[in-house]
Amino acid sequence: MEQIQRKLAEYTASLYNEKILDEQFIQLQQLQDESNPDFVVEVVSLFFEDSERLFNELAKALVSKITEFSILVCKNSNQTNVDFKKLDAHVHQLKGSSSSIGAQRVQRVCISFRNYCDDRNVEGCLKCLQQVKIEYTFVKNKLETLFKLEKQFVDAGGSFPVV
């Protein structure tokens, strides 16, 4: 069990050292207790579900509205059908939910994304949509690995808090 505990501690530390998570995730973990041992997994699962929904909304708001325009035309014209206000609202929601679980890499891309929305920059928004999906997938994989390690630790007889 010591080996699993060490592996879990090292992996968790790496998530903070690599700036994948921030102190907000620690605060989330501190809200978990014996009466609700799956609290963090449940909250993060809701984040995953909400993020997937938001990605669909972002794609609808951005990609489908520019199908009749080429990217070159979009770069040189503000005459797209993109509803930047709606797009920004979706990005703002994603930024807030990623911030609430401490997923700072996703949050940082959302900040850039919102700036491109303010500038009505379609190309920048498209790039940020790709980048935020990449960062989200990265964070999701890291958190799923963390949860698997935590489960191994508990299954081996360990108990929290280990934070």
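Note that the structure is predicted; figures quoted are calculated from it, not measured.
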Kindly indicate whether the side chain of Val132, heavy atoms from C-beta on, has any atom under 4.5 Å from the side chain of Cys110. yes
If you measure from CD on Glu150 to CG on Asp38, what distance do you get to the nearest 0.5 Å? 10.0 Å
Which residue pairs pass the salt bridge (Lys or Arg N to Asp or Glu O under 4.0 Å) test with at least one member in residues 2-12, sequence neighbours excluded? none
Checking Asp155 now: which residues fulfil side-chain hydrogen bond (donor to acceptor under 3.5 Å, both in side chains) with it, not counting sequence neighbours? Lys151
Just how far is it from atom CD of Gln24 to atom CG of Leu28, taken to the nearest 0.5 Å? 7.0 Å
Any non-hydrogen side-chain atom of Lys140 less than 4.5 Å from a side-chain atom of Glu52? yes
Side chains of residues 39-49: which donor-acceptor partners sit under 3.5 Å, not counting sequence neighbours?
{"from": "Ser45", "atom 1": "OG", "to": "Val41", "atom 2": "O", "distance (Å)": "2.8"}

Contacts of type ring pair (Phe, Tyr, Trp, His ring centres under 6.0 Å), residue Phe55, not counting sequence neighbours: Tyr136
Nearest heavy-atom pair of Ile101 and Phe25: which atoms, and what distance? O-CD1, 3.2 Å
In Å, rounded to the nearest 0.5 Å, how long is the span from CD1 of Ile26 to CG of Leu21? 9.0 Å
Interatomic distance, CG@Asn56 vs CG@Leu54, rounded to 0.5 Å, equals 9.0 Å
To the nearest 0.5 Å, atom CG of Leu94 lies from atom CG of Leu58 at 6.5 Å
Minimum heavy-atom distance between Asn121 and Phe84, given as atom pair plus value: N-CE2, 3.9 Å
Qualifying residues under salt bridge (Lys or Arg N to Asp or Glu O under 4.0 Å), relative to Asp22, sequence neighbours excluded: none
Please report the closest heavy-atom contact between Cys128 and Tyr116, naming both atoms and the distance. SG-CD1, 3.5 Å
Please enumerate all residues that pass salt bridge (Lys or Arg N to Asp or Glu O under 4.0 Å) together with Lys133, with sequence neighbours excluded. none
side-chain contact (heavy atoms from CB on, under 4.5 Å) filter on Ser99, not counting sequence neighbours, yields Gln107
Test: salt bridge (Lys or Arg N to Asp or Glu O under 4.0 Å). Region: residues 90-114. Which pairs qualify, not counting sequence neighbours? Asp88-Arg114, Arg105-Glu135
If the condition is side-chain hydrogen bond (donor to acceptor under 3.5 Å, both in side chains), which residues does Asn115 pass it with, not counting sequence neighbours? none
Partners passing side-chain contact (heavy atoms from CB on, under 4.5 Å) against Lys127 (at least two apart in sequence or in another chain): Glu123
Going by side-chain contact (heavy atoms from CB on, under 4.5 Å), name the residues that satisfy it together with Ala156, two or more places apart in sequence or in a different chain. Met1, Ile4
Kindly write out the residues that satisfy side-chain hydrogen bond (donor to acceptor under 3.5 Å, both in side chains) with Asp33, not counting sequence neighbours, or none if the list is empty. Ser35
